Amino acid sequence: MEDGYWLLGRLDWQALPFVRAWRHPSVSEWIGAGAGGLVVIAALAVLVMLTRRKAWRRLWDGWLTSLDHKKIGIMYVVIALVMLTRALIEAVLMRMQQFAAVGDPGFLSPEHFSQLFSTHGTVMIFFMAMPFLTGIINYVMPLQIGARDVSFPLLNSISLMLTAAGAALVMISLVVGQFSTGGWSAYPPYTGIQFSPGVGPDYWIWAVTLSSIASTLSGLNFAVTIYKERAPGMTLFRMPLFCWTTLCTSILMIFAMAPLTVASLMLALDRYAGFHFFTAEAGGNLMNYANLFWLFGHPEVYILILPAFGVYSSVISTYSGKTLYGYKSLVYATLAIAVLSFTVWLHHFFTMGQTANVNAIFGIATMLIGVPTGVKVYDWLLTLLRGRIRFTAPMLFSIMFLVTFVVGGITGVILANPPVDFVVHNSLFLVAHFHNMLIPGLLFGMIAATQHWFPKAFGFRLDETWGKISFWCWAVGFYLAFMPLYALGLMGAMRRTSEWLRPDYSPLMLIALLGALLLFAGFVSLLVQLGVSVRHRDRYRVPVGDPWDGHSLEWATSAPPPEYNFALIPRVEARDAFRQMKRRGIAYARPEAYTDIAMPKNSAVGPIIGLAGAGLGFALTWHIGWLAVLGFSVIVGAVIARSFVRETERLIPAASVREHHERWLDAVAATPRVPRVQELCPSNRGHAEPMA
Amino acid sequence: MSAARYSYVGLNLREQDAQAEHGAQTLIFGFWIFLMADLVVFALLFATYAAMSVHGVADGPAPAELFSLKMPFIETLVLLLSSFTFGMASLALKYSAKRSSLAAWLLVTGVLGAVFVAMEISDFATYISEDQAPPQRSGFLSAYYLLVGTHGVHVVSGLAWLLVLLVQLAVLGRVREVKLRLLRLALFWHMLDVVWVCIFTFVYLFGASA
């Protein structure tokens, strides 16, 4: 054991990308050092900005320790956007490498390329998609069911901070050490200690473990909230469809995150303690890993997609000015998908040697999922039928989803056929297929959600022009980037390959690269849109809170809503509750009496557990014993200390609720109603003229 | 909405208002869901064990060569007895006017739990030192130690929880929060019993007789 091992574990100077780039200069190492430098500079810039604006206290009191589901939701989305930036840059780099590497090693070392596809996948699934949908659910679902908060606000904050801790570990891996090269699915025995002795798989294990625990807790929280916190009259079958998809996603989270936690901890035991779960010797069996991982991995696909289905249901019905067609069939289709999602995991490894009959059963189960999904597509189409459609940015994303998702679904049914799968398994055809599902089926949905609900959260609309520019970049970029991959896959190009020997790949690789650049431009346009909207926010303000003539309860309160969401919990008498209220002229009614409202006090437990969790993960990755013990003790200590705190709520007096609410109602009365043709004009202050 | 409809067995919170009652109800419901998620973990460990105890023996000992029923049987009795004493604690929580009887039953439960953990550790030590059966020897042993060890870690965390609650009982008294925590710990403790019965059946009874 070397000097200093007790203090720093496996850490040494070689861990820093700057040192590596200095010692072995190459383009590949410089890119690594540049990325590490960018992370450090960005972190420093944030720290300096916070200090110069004296914003630490505001950040701590107003955001980090807040238990308000709306603020927690927004913080989740911020994490998702930061991580999306990184993963998109990685995507562009990979496309550049694959274009440059036809008959040439390209500019990235194979090792570096492997890290890129591993982090790209890990980040996109666990630290972009999951936080994004968890954030949107957090913001929207309690408002839609007429609740003041989720059932367990502190648990919500802990989930957020554990997710942030996992994301932080992945970001730290850019600056200290290297990430795994074993792909996002981290199959052993390659990721075992024998073939990957470095820290990479350890970073993966602990980042993913933190995130999987956080998601389990979020799922629990959302499910209990939907079962227990619905407003009076909000029966399950009056809930907006987004709440149904949230419920199903939550149930999937409760059941499906556990296999991931178990698989990653078994892998950790193999790596740290010499166990033989997945090793290639002494009775270990990597097939167990494949089963456990995909027992999580396939339901995960629906965890990702279902919330977006909910978003599309809201968006399509709102901007068509119609109630959702086939509400009940959509609910049952969602439930069917949730159940079937547990019966298809084996289609991820048709080629691993089970009998033809087993493959056939899972192939048929996989094709079956196409049925409820098809039901949904028809329901959305029939919602559009004879609607008065407004082609706003969220609507454009939704329509593009419908078209594109069907293409992806068809290639999915092709892949579900085991003999066909044998031919294209692990080729770029597969890569094209799952991007074809997840980009429209998740990312477009999340973008549509931000476009749709942003005015609710911040009180002003987003700039429509930049929204449409972004949309066209995403839409065209998607087809350019991924349609060529289908062809390349059929031509024999395998995924995760850093160098090609076939010159005929070049033209298609070029098109895919252009597509990736366009997708990146789409993301930049979203940032521009945000900047432009913030600058012109006075022109876009919608204080009354209903800019789109919305159907569900979240539109029945001010924008942004007060901390307690509703001065008086609404009574629900029908589906599309707010739409009914507007039609019957009982929206914006003045309550006769107000009551005190109890809301959770801020708590530092979430950030403390998050910080300790990140410390624990880092310590375990680098074998720093004392830090691991410290991190673990702080987590346990924080939970115990918190259990002695008895005053966890504060009362908002009725008088202050009254004052705030009456002021808003006065503003509502003073604001002219706006018909849908003026939806995008400055005159839209959020008071909608209901459509007949 | 009568009070009786919303009251949970084993508690007499005498809630003043519906909102507090609703809070208690939500808390217990949430904990049931947590237990369900926890049981998924055990289900996966059982499945892994089922596969590896057959296919993962390699050149290590097979279940039948390793297990005898004596110690696991005593452990089962100790743990089941601790569930009974926790039941007595729950009754004391609801009906007894004295705090001391509640604390006494909890203490007995804690001691039995600790005895169980100690016996399990000594089992492990025997397997490792005398039978040369550490978890590093084979896939079967890895799965065995993880399954039974995870249960053991749960019992240890239950003991830590019990200790904290005993302190809170002394410091805060039988307040609403402590009562609700005792109810949840009781659910947790009984769940561990159920899991142990499965372990005893599938690991030891099946294993020793195979």
Side-chain angles (χ1 to χ4, degrees), chain A residues 148 150-152 155 213 215-217 219-225 227-229 250-251 253-263 265-266 269-270 273-279 281-289 291-292 295-296 595-598 636 639-641 643-646 648-649, chain B residues 17 19-20 22-23 25-45 47-49 51-60 134-147 149-150 157 160-161 163-165 167-168 171-172 175-178 181:
Chain A
R148 297 211 190 282
V150 293
S151 286
F152 308 115
L155 193 65
I213 292 171
S215 296
T216 312
L217 298 176
L220 187 158
N221 214 340
F222 295 149
V224 175
T225 305
Y227 282 123
K228 294 290 182 186
E229 311 293 339
S250 308
I251 293 171
M253 282 178 177
I254 295 166
F255 283 103
M257 299 313 291
L260 176 66
T261 317
V262 168
L265 288 179
M266 284 175 176
L269 283 171
D270 276 8
F275 281 45
H276 289 290
F277 287 108
F278 312 128
T279 55
E281 51 176 0
N285 187 349
L286 84 99
M287 284 307 298
N288 270 346
Y289 183 89
N291 275 296
L292 284 171
L295 202 50
F296 143 78
T595 50
D596 296 346
I597 297 174
V636 175
V639 172
I640 292 176
S643 73
F644 281 87
V645 178
R646 298 198 58 205
T648 57
E649 290 191 331
Chain B
D17 61 309
Q19 205 171 0
H22 175 78
Q25 194 196 17
T26 306
L27 207 54
I28 303 300
F29 180 70
F31 195 74
W32 275 104
I33 294 195
F34 165 76
L35 290 182
M36 195 167 71
D38 209 13
L39 282 173
V40 176
V41 170
F42 280 109
L44 294 163
L45 295 180
T48 306
Y49 180 83
M52 299 206 104
S53 61
V54 179
H55 303 294
V57 174
D59 58 353
Q136 290 84 357
R137 179 102 183 259
S138 72
F140 150 59
L141 288 167
S142 298
Y144 165 76
Y145 283 97
L146 182 62
L147 170 61
T150 304
S157 49
W161 190 357
L163 207 63
V164 172
L165 285 188
V167 173
Q168 293 195 337
V171 177
L172 306 174
V175 294
R176 173 189 142 82
E177 290 92 331
V178 175
R181 280 173 200 148

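For clarity, every value in this text was computed on a predicted model and none was experimentally measured. Order of the sequence lines sets the chain letters (A, B, ...), proteins ahead of strands, with each chain counted from 1. Only this structure's heavy atoms are used, side chains among them; waters, hydrogens and symmetry mates stay out.
In terms of heavy-atom pairs under 4.5 angstrom with chain A, the leader among B/Ala47, B/Gly139, B/Gly56, B/Ser142 is B/Ser142. Annotation: maximal heavy-atom pairing with chain B below 4.5 Å, among A/Met257, A/Met253, A/Glu281, A/Glu229, occurs at A/Glu229. Ranked by heavy-atom pairs under 4.5 Å with chain A, the first of B/Asp38, B/Val164, B/Leu172, B/Val167 is B/Val164. Ranked by heavy-atom pairs under 4.5 Å with chain B, the list A/Ala273, A/Ser643, A/Ala256 is led by A/Ser643. Taking chain A as the reference chain and counting heavy-atom pairs below 4.5 Å, the highest number among B/Ser138, B/Pro134, B/Ala160, B/Ala43 is found for B/Ser138.
The parts of A/Phe644 that come within reach of chain B are both its backbone and its side chain, each placing non-hydrogen atoms under 4.5 angstrom from that chain. Neither the backbone nor the side chain of A/Leu265 comes within less than 4.5 Å of any heavy atom of chain B. Only the side chain of B/Arg181 comes within less than 4.5 Å of a heavy atom of chain A; its backbone N, CA, C and O stay farther away. In this structure, the portion of A/Leu292 lying under 4.5 Å from any heavy atom of chain B is its side chain and not its backbone. Neither the backbone nor the side chain of B/Phe140 has a heavy atom closer than 4.5 Å to any heavy atom of chain A. Using a 4.5 Å cut-off between heavy atoms, A/Leu155 does not touch chain B at all. Residue contact with chain A, scored on non-hydrogen atoms closer than 4.5 Å, is absent for B/Leu39.
Remark: side-chain polar atoms of A/Asn291 are paired, donor with acceptor, to backbone N or O of A/Met287 under 3.5 angstrom.
Atom CG of residue A/Leu269 and atom NE2 of residue A/His276 lie 12.0 Å apart, to the nearest 0.5 angstrom.
Annotation for A/Phe275 and B/Pro135: closest pair CZ-CB, 3.4 Å, computed over non-hydrogen atoms. For A/Ala598 against A/Glu649, the heavy-atom pair with the smallest separation is CB-OE1, 3.6 Å. Closest of all the heavy-atom pairs between A/Ala258 and B/Ala37 is CB-O, 4.5 Å. Minimum interatomic distance between A/Thr225 and A/Ser151 (heavy atoms only, all atoms of both residues): OG1-N, 3.0 Å.
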### Message
For B/Trp161 and B/Leu165: C-alpha separation, side-chain torsions, deciding distance, then whether side chain to side chain contact (heavy atoms under 4.5 Å, CB included) applies.
### Response
CA-CA 6 Å; B/Trp161 190 357; B/Leu165 285 188; 3.8 Å; yes
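In this structure, B/Tyr49 and B/Tyr144 have tilted ring planes: the angle between them lies in the 30° to 60° band.
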